[in-house]
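The structure under discussion appears below in the form of structure tokens.
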Amino acid sequence: MNLGPKDDTAGTAEALPQRIGAPAPHESALGHVTGTARYIDDLPTPAGTLHLATGLATVAHARIDQLDLDTVRTAPGVVDVITAADVPGELDVGAVFPGDPLLSDGRVQFIGQPLFAVVATSLRAAQQAARRATVAQTELPALLTPAEAKAADAHVLPARTWRKGDAEAALAHAPVQIDGALYVRGQEHFYLEGQIALALPGEDDTMVVHSSTQHPAEVQKLVAEVLALPLHKVEVICRRMGGAFGGKESQAAPLACMAALAAARTGQAVKYRMPRHDDMVQTGKRHDFDCTYRLGFDHEGHLLASELELLGKCGCSPDLSEGIVDRAMFHSHNAYYVPATRIAGLRLMTHTVSNTAFRGFGGPQGMLAIEAAMDEAAWKLKLDPLELRKRNLLRPGAAETPYGQTLTDFLLPELIEQLETNCNYQERRRAVDAYNRAANAGGPGANLRRGIALTPVQFGISFTTIHLNQAGALVNIYVDGSIELSHAGTEMGQGLYTKIAQVVANAFGVPRSQVRNSATRTDKVPNGSPTAASSGSDMNGMAALNACERIQAGLAKFAKETLGWTDPLTFADGQVRSGDQSMDFQAFIKAAYLARTPLSSTGFYATPEIHFDKENGFGRPFYYYAFGAAASEVAVDLVTGEYRLLRVDILHDVGQSLNPGVDRGQVEGGFVQGFGWLTSEELLWDDKGRVISNSPANYKIPTAHDVPE
């Protein structure tokens, strides 16, 4: 991995721990491995804390005729039973668009949909009571696949079609044409910490909710709407999540809302924790995509035109599917230039759990379609697949994406050339061909075949919903020189807290241990965007830096007016300097405090220069792009289907890495998660719409054994 030139002056994390670019350890690493890092289920709870479970739909589509809960109410340990009629405010908790009732409003839209909630003295008591319900219902026809939904014209949101040039005419005249289809299945998030919320009722109808969420501000909004309260009466806190991968961007909110509703009704603390089976049945997945493509090339392999149709399996409601299908469309040509194209994106409704955000947010599904098409074209044109890809990369003179954004940097050709050389691609490709020829001739390993591929990625960085590209932060310096940092970004193991603390430590020239990134709280930094879209470090880091700069402006005024320092201030190595004069940081801060200088400030950042017309598919949706490429070599047994990933070489451009150690972990982890998605992880439903892959026993994520040596 290329993470920039080695900085020999950085040394260990302990030597210059505040240094941006130092591979400082994750701020919770010790807590993670010793078990002292607290997650929501580890928090001490008040005496009398109650537990919640829900009664679930058993068919994919139905009308509820009668819901008999009398035996549920009389079950041992039951304190309260809640139905849709008991919700004092808004019933719908849809993330962006309506369509997600907190509890069924008389309709069943998927197997596992919550029909009612049980609040009891223990989780087991709540679960056992929920099974006592009697449900009379009229089962209705169900749509379970994208093809069925398309045939029935069933959409959660209208389709979009983006055009560049006259694709139909260009395809008609293309000398070489290919067409095909690719069905890309979904993926279970399988975060280590399941969905969970703890609600604590307070005085004056206030509510504090600890939620394992990527979007505390949205949880705050939805809890307030469900309880019919103003936002300032709801406080949401998230110190850390045990993984999320997009699955807690929108779908953590219903648990928080349900726990808060139960807490408001009972006046007691309520915990709602989903066991793994319930989590896998009740929460959304990565979207399946049914993709069809038609591409035209000249005889030299240059892409002339394309038509792509991307059918997203959205499930029963919109959730975040507008942006997910849009991003699949944005990335439907990956890093390749096409003069003329037509891209159609359909958001199809099925009677299955509503699918949601997952790492890449639709981008990987769009890329898979074009990469499958490029492989097919390479065989037809009798070209090495890598050579075909290189001929079609965006480049000077052909730098406009299908949606009208012109690239101002062209890193992929250089990056691919570097990876091709460093991993000995050509030599290994010849060795693979020789191995397969010998196997075809009946030589040793006749059942085995090998393959090698080198594939680029160009991923746009920004929320495609423009208003989400903003962040706030709060920095407090205390009189002993220690610093507290807050922002709206959430820590899910990816190292965001570590990186933002490094930014603040670097700004004031102090060790990272002197900066504490407190829990993300809506009462400290309001109206935050979700931690998603690969933008958490960018936006929250810039907001925190802005807060530091505002404090520094006040400190500069103090130094000039009180200390008589005239040169600009510099902060480094625990010292504050102005020309030849200097003072220890802690002493300087104490003196500033005594002079009544502000030592606290908010900060703000809004991503500049982005705009996009979603209906016409034109604009600049991304502030910049992240570039990468991976070369993978595999062996496959033609008889058993067993495979082995023999070697992987990955090269990423990461700019100036805030923390190379954390970034390496993210690059490797992202690859392994994608590898699992497309190999061992098989997400399946039966013909009734029931999730078959509903536990670790029948859904297999990669293990250390699967990772290439």
Side-chain angles (χ1 to χ4, degrees), residues 145 180-190 245 276-277 280 285-291 313 358-360 364-365 367-369 371-380 384-386 423-455 629-650 668-687 690-709:
T145 68
L182 179 71
Y183 193 94
V184 184
R185 289 195 180 276
Q187 184 178 19
E188 168 63 38
H189 297 88
F190 219 99
F245 311 114
R276 180 68 62 181
H277 174 273
M280 295 182 73
K285 327 294 180 189
R286 186 189 290 278
H287 288 55
D288 290 29
F289 267 81
D290 194 352
C291 310
K313 180 183 178 182
F358 200 120
R359 202 173 193 167
Q365 294 97 311
M367 292 181 197
L368 277 170
E371 293 300 339
M374 294 295 277
D375 279 337
E376 185 178 339
W379 284 107
K380 189 164 187 176
D384 180 296
L386 177 58
C423 78
N424 299 314
Y425 172 84
Q426 296 299 341
E427 180 181 337
R428 291 166 59 199
R429 176 65 190 262
R430 289 190 291 270
V432 164
D433 289 342
Y435 181 95
N436 290 339
R437 284 195 299 270
N440 286 336
N447 292 337
L448 300 179
R449 297 295 184 275
R450 289 194 175 188
I452 187 170
L454 194 158
T455 310
S632 301
E633 185 173 348
V634 300
V636 181
D637 189 315
L638 301 183
V639 176
T640 66
E642 184 181 0
Y643 60 86
R644 174 67 62 194
L645 186 54
L646 302 173
R647 172 177 167 180
V648 177
D649 295 76
I650 307 174
E668 294 174 5
F671 180 89
V672 172
Q673 189 171 51
F675 166 50
W677 169 36
L678 299 173
T679 55
S680 64
E681 299 180 45
E682 190 171 23
L683 185 63
L684 294 172
W685 280 261
D686 66 16
D687 58 4
R690 186 182 310 275
V691 177
I692 299 173
S693 42
N694 57 11
S695 78
N698 49 37
Y699 187 83
K700 299 300 182 181
I701 64 173
T703 68
H705 179 70
D706 299 304
V707 178
E709 291 182 12

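- Closest non-hydrogen pair, Leu645 versus Ser632, comes out as CD1-CB, 4.1 Å.
- A cation-pi arrangement is absent between Lys285 and Trp685, since the terminal nitrogen or guanidinium carbon is not both under 6.0 Å from the aromatic centre and inside a 45° cone about the axis.
- Between the Asn698 side chain and the Ser695 main chain, a donor and an acceptor come within less than 3.5 Å of each other.
- The line from CD1 of Ile692 to CE of Met280 is 12.0 Å long, rounded to the nearest 0.5 Å.
- Remark: the backbone N or O of Pro385 is not paired with any side-chain donor or acceptor of Trp379 at under 3.5 angstrom.
- With Asn447 contributing its side chain and Leu638 its backbone, the two residues share no donor-acceptor pair below 3.5 Å.
- The CG atom of Asp384 lies 4.0 Å from the OH atom of Tyr425; values are rounded to the nearest 0.5 Å.
- Using a distance-only test at 3.5 Å, with no hydrogens or angles considered, a donor-acceptor pair links the side chain of Arg428 to the main chain of Cys423.
- In this structure, the side chain of Asp637 engages the main chain of Thr640 through a donor-acceptor pair within 3.5 Å.
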Go through Tyr699 and Val691 one step at a time and tell me if the side-chain contact (heavy atoms from CB on, under 4.5 Å) criterion holds.
-> CA-CA 11 Å; Tyr699 187 83; Val691 177; over 6 Å; no
After noting the C-alpha distance and the side-chain angles of Asn440 and Arg449, does the key distance pass the side-chain contact (heavy atoms from CB on, under 4.5 Å) rule?
-> CA-CA 9 Å; Asn440 286 336; Arg449 297 295 184 275; 2.8 Å; yes
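- Annotation for Leu683 and Gln187: closest pair CD2-N, 3.4 Å, computed over non-hydrogen atoms.
- Below 30°, between 30° and 60°, or above 60°: for Phe671 and Phe675 the angle between ring planes is below 30°, a parallel geometry.
- A cation-pi arrangement is found for Arg276 relative to Phe190, the charged atom lying closer than 6.0 Å to the ring centre and inside a 45° cone about the ring normal.
- Considering every non-hydrogen atom in both Pro708 and Leu646, the closest pair reads CB-O, 4.1 Å.
- The shortest heavy-atom contact between Leu368 and Leu678 is CD1-CD2, 3.9 Å.
- For the atom pair CG of Asp687 and OG1 of Thr145, the computed distance is 12.0 Å after rounding to the nearest 0.5 Å.
- Atoms CD1 and CG, on Ile452 and Asp649 in that order, are 8.0 Å from each other to the nearest 0.5 Å.
- Shown here is Gln426, whose CD atom has more than 12 heavy atoms of other residues, nucleotides or ligands within 6.0 Å.
- Distance check, rounded to the nearest 0.5 Å: CZ of Arg644 to CG of Leu448 gives 12.0 Å.
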Given side-chain contact (heavy atoms from CB on, under 4.5 Å), test Ser693 with Glu681 step by step and report yes or no.
-> CA-CA 9 Å; Ser693 42; Glu681 299 180 45; over 6 Å; no
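- In terms of heavy atoms, Ser680 sits closest to Pro702 at OG-N, 4.0 Å.
- Atoms CG and CZ, from Asn424 and Arg647 in turn, are 6.5 Å apart once rounded to the nearest 0.5 Å.
- Salt-bridge formation is not detected for the pair Asp433/Arg437: no Lys NZ or Arg NE/NH1/NH2 atom is positioned less than 4.0 Å from an Asp or Glu carboxylate oxygen.
- A donor-acceptor pair under 3.5 Å is absent between the side-chain atoms of Tyr435 and the main chain of Arg450, judged by distance alone.
- Nearest heavy-atom pair, Gln365 versus Arg286, reported as atom, atom and distance to 0.1 Å: NE2-CG, 3.2 Å.
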